[in-house]
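For reference, the structure is listed below as structure tokens.
Nothing fancy with the numbering, it's 1 onward along the sequence. Given the structure is predicted, the values throughout are model-derived calculations rather than measurements.
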Amino acid sequence: MAVLLHSLLSLHPPKLKSLNLNRPKSLSPLEPSASLKVTTFRRDAVLRTASLCLVSFIFQNPLLESLADPSKSPKPGRLAIANTNSWFQYFGDGFSIRVPPQFIDFTEPEDYSAGLSLYGDKAKPKTFAARFASPDGSEVVSVVIRPSNSLKITFLEAKDISALGSLKEAARIFVPGAATIYSARTIKVKEEEGFRNYYLYEFGRDDERIALVAAVNRGRVFIAGAAAPESKWKEDELKLRSAAISMTVL
């Protein structure tokens with residue numbers, strides 16, 4: 001499952017439908033010729049990765065070992081994030097997320113014709129609840145939604161990410177086994193009925209870096225991922241991490 005989620009949130013996920021880019025979807029003024037560049041070899045690599053069997057995640061990363069043993073865990077440093085109040089706020093199905101300036105909306109359009117035929121066809125589930133990319137396509141911000149019981153078998157409706165396990169235990173679900181984890185922490189957000197937990201993981205795999213934030217509400221898991229090539233991560237790390245952390249379940 002972690003491999004599948006990684007393939008969805010990476011720069012070039014499999015089976016992404018070609019979209020009608022003629023409709024006005026830019027969040028800020030761009031030249032009409034601006035389009036996303038897709039590199040074939042990266043897509044092929046992700047397809048091969050997604051086809052592999054799920055590899056069990058072995059916690060050999062010192063960070064995760066320290067999470068398992070509080071006595072070894074250093075006090076987390078202050079999380080560096082940008083002020084995203086001026087960014088465009090996208091509202092989706094049960095969530096909202098802030099979109100970095102100049103990023104283009106690449107979300108799959110709703111199928112409004114579903115259910116209108118004589119056979120009552122149902123709308124196909126969308127691969128992404130939201131997807132945005134930089135003008136050159138090298139950086140992406142995505143949101144996917146999955147039923148919580150598809151990630152972990154539970155008999156009760158999950159109401160918080162902690163229902164999927166601790167920060168370390170849930171990493172088996174969200175982080176591919178071959179990835180290098182650079183950061184992992186729990187973010188608590190105050191709500192009317194108490195606190196909601198969000199899990200943040202920053203990891204690298206296949207020359208790519210991803211900041212992933214996951215939360216649960218009413219039996220659904222909301223996963224925001226911001227991805228960029230390793231070569232661009234240092235330059236745009238603050239922006240991409242802030243975009244992922246800005247996701248809020250509603």
request  = Take Glu202 and Glu237 through the test side chain to side chain contact (heavy atoms under 4.5 Å, CB included) and record every step on the way to the result.
outcome  = CA-CA 10 Å; Glu202 290 188 14; Glu237 171 185 359; 4.3 Å; yes
So how far is it from [X] [atom1] to [Y] [atom2], rounded to the nearest 0.5 Å?
| X | Y | atom1 | atom2 | answer |
| --- | --- | --- | --- | --- |
| Asn197 | Leu164 | CG | CG | 11.0 Å |
| Asp93 | Ile145 | CG | CD1 | 5.0 Å |
| Tyr199 | Ser162 | OH | OG | 5.5 Å |
| Phe195 | Lys190 | CZ | NZ | 5.0 Å |
| Ile81 | Ile245 | CD1 | CD1 | 5.5 Å |
| Asp207 | Trp233 | CG | CH2 | 14.5 Å |

Restricting to non-hydrogen atoms, name the atom on [X] and the atom on [Y] that form the minimum distance, rounded to 0.1 Å.
| X | Y | value |
| --- | --- | --- |
| Ile210 | Ala227 | CG1-CB, 3.7 Å |
| Ser96 | Gln89 | OG-NE2, 3.3 Å |
| Arg241 | Ala211 | CA-CB, 4.1 Å |
| Ile104 | Pro135 | CD1-CA, 4.1 Å |
| Phe95 | Ala130 | CZ-CB, 3.9 Å |
| Ser138 | Asp136 | OG-OD1, 2.8 Å |

For the backbone of [Y] and the side chain of [X], can you confirm whether one donor and one acceptor N or O come within less than 3.5 Å of each other?
| X | Y | value |
| --- | --- | --- |
| Thr248 | Ser246 | yes |
| Thr84 | Trp87 | no |
| Ser148 | Val221 | no |
| Asn217 | Leu250 | yes |
| Arg205 | Val175 | no |
| Tyr182 | Arg209 | no |
| Ser150 | Arg146 | no |

Assigning hydrophobic clusters by single linkage (Ile, Leu, Val, Met, Phe, Trp, Tyr; side-chain heavy-atom cutoff under 4.5 Å), is [X] placed with [Y]?
| X | Y | result |
| --- | --- | --- |
| Leu238 | Val213 | no |
| Val143 | Val189 | yes |
| Leu79 | Leu240 | yes |

ask   = Hey, are the side chains of Ile223 and Phe174 touching, using non-hydrogen atoms and a 4.5 Å cut-off?
value =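 Yes; the side chains approach each other to less than 4.5 Å.
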ask   = Just checking, is any N or O donor in the side chain of Ser142 or Arg131 under 3.5 Å from an acceptor N or O on the other one?
value =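 The criterion, which ignores hydrogens and geometry beyond distance, is satisfied for Arg131 and Ser142.
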message = With salt bridge (Lys or Arg N to Asp or Glu O under 4.0 Å) as the rule and sequence neighbours excluded, what pairs involving residues 153-164 come up?
response =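 Every pair satisfying salt bridge (Lys or Arg N to Asp or Glu O under 4.0 Å) with a residue in residues 153-164: there are none.
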inquiry  = I'd like to know whether Val141 forms a side chain to side chain contact (heavy atoms under 4.5 Å, CB included) with Ile97, so could you lay out the CA-CA distance, the side-chain angles of the two residues, the decisive distance to 0.1 Å, and finally the verdict.
reply    = CA-CA 10 Å; Val141 174; Ile97 190 168; 3.9 Å; yes
message = Please verify the inter-ring angle class for Phe132 with Tyr90; under 30° counts as parallel, over 60° as perpendicular, anything in between as tilted.
response =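 Plane angle over 60°, so perpendicular.
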query = Salt bridge or not for Glu139 and Lys239, using N-O below 4.0 Å?
reply =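 Judged by the 4.0 Å cut-off on N to carboxylate O distance, Glu139 and Lys239 do form a salt bridge.
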query = For atom CD of Glu193, is the number of surrounding heavy atoms from other residues, nucleotides or ligands below 6.0 Å larger than 12?
reply =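 Check fails, neighbour count at 12 or below.
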ask   = Could you go step by step and tell me if Val144 and Phe222 meet the side chain to side chain contact (heavy atoms under 4.5 Å, CB included) rule?
value = CA-CA 6 Å; Val144 297; Phe222 297 81; over 6 Å; no
ask   = Quick check, are the ring centers of Phe103 and Phe88 under 6.0 angstrom apart?
value =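 Phe103 vs Phe88: aromatic centres not under 6.0 Å.
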ask   = Mind checking what makes ring pair (Phe, Tyr, Trp, His ring centres under 6.0 Å) contact with Tyr198, not counting sequence neighbours?
value =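 Partners of Tyr198 by the ring pair (Phe, Tyr, Trp, His ring centres under 6.0 Å) criterion come out as none, since no residue qualifies.
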